[in-house]
Amino acid sequence: AGCVGPCAPLDKKSPLVSENSIGMGGTTVWRLCSLSQSTTLCVYFDIVGNKEGPQDPGQMGSQQFFLQFQVKYTTLEGEARMR
């Protein structure tokens, strides 16, 4: 799991961070120096089973999960915002 693009990992560890890294991995937070309409990021996720071992692929089809991306930035006026 990880992020590929113009970003740097901030090494925020969590039990949910994958041991397998793709691009900039090993964290739950990344920093971008700039973000524009032409910025492209690719985020990879490592979906695994429980600690007893991998789950049956037939059982995983009914599970759902949701992702939330939070973008914190500073406006030209110096005001901090989060979207």
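For S14, the side-chain contact (heavy atoms from CB on, under 4.5 Å) partners two or more places apart in sequence, or in a different chain, are L16, V17, T28. In this structure, the side-chain contact (heavy atoms from CB on, under 4.5 Å) partners of F45, at least two apart in sequence or on a different chain, are V43, I47, L67, F69. Listed by chain and number, the residues in a side-chain hydrogen bond (donor to acceptor under 3.5 Å, both in side chains) with D46 are S18, N20 (sequence neighbours excluded). The side-chain contact (heavy atoms from CB on, under 4.5 Å) search around L32 returns C7, L35, T39, L41, not counting sequence neighbours. Remark: C33 engages no residue in a side-chain contact (heavy atoms from CB on, under 4.5 Å) (not counting sequence neighbours). Partners of S34 under the side-chain hydrogen bond (donor to acceptor under 3.5 Å, both in side chains) rule, at least two apart in sequence or in another chain, do not exist in this structure.
Side-chain contacts under 4.5 Å among hydrophobic residues (ILVMFWY), followed directly or transitively, place V29 together with L10. Chaining together hydrophobic side chains whose heavy atoms lie under 4.5 Å apart places I22 alongside V4, Y44.
Rounding to the nearest 0.5 Å gives a distance of 4.5 Å between CE of M82 and CD of Q70. One finds the CZ atom of R31 at 14.5 Å from the CE atom of M24 (value rounded to the nearest 0.5 Å).
For the salt bridge (Lys or Arg N to Asp or Glu O under 4.0 Å) condition, no pair includes a residue of residues 10-26, sequence neighbours left out. Sorted by first and then second residue, the salt bridge (Lys or Arg N to Asp or Glu O under 4.0 Å) pairs involving residues 73-83 (not counting sequence neighbours) are E79-R81.
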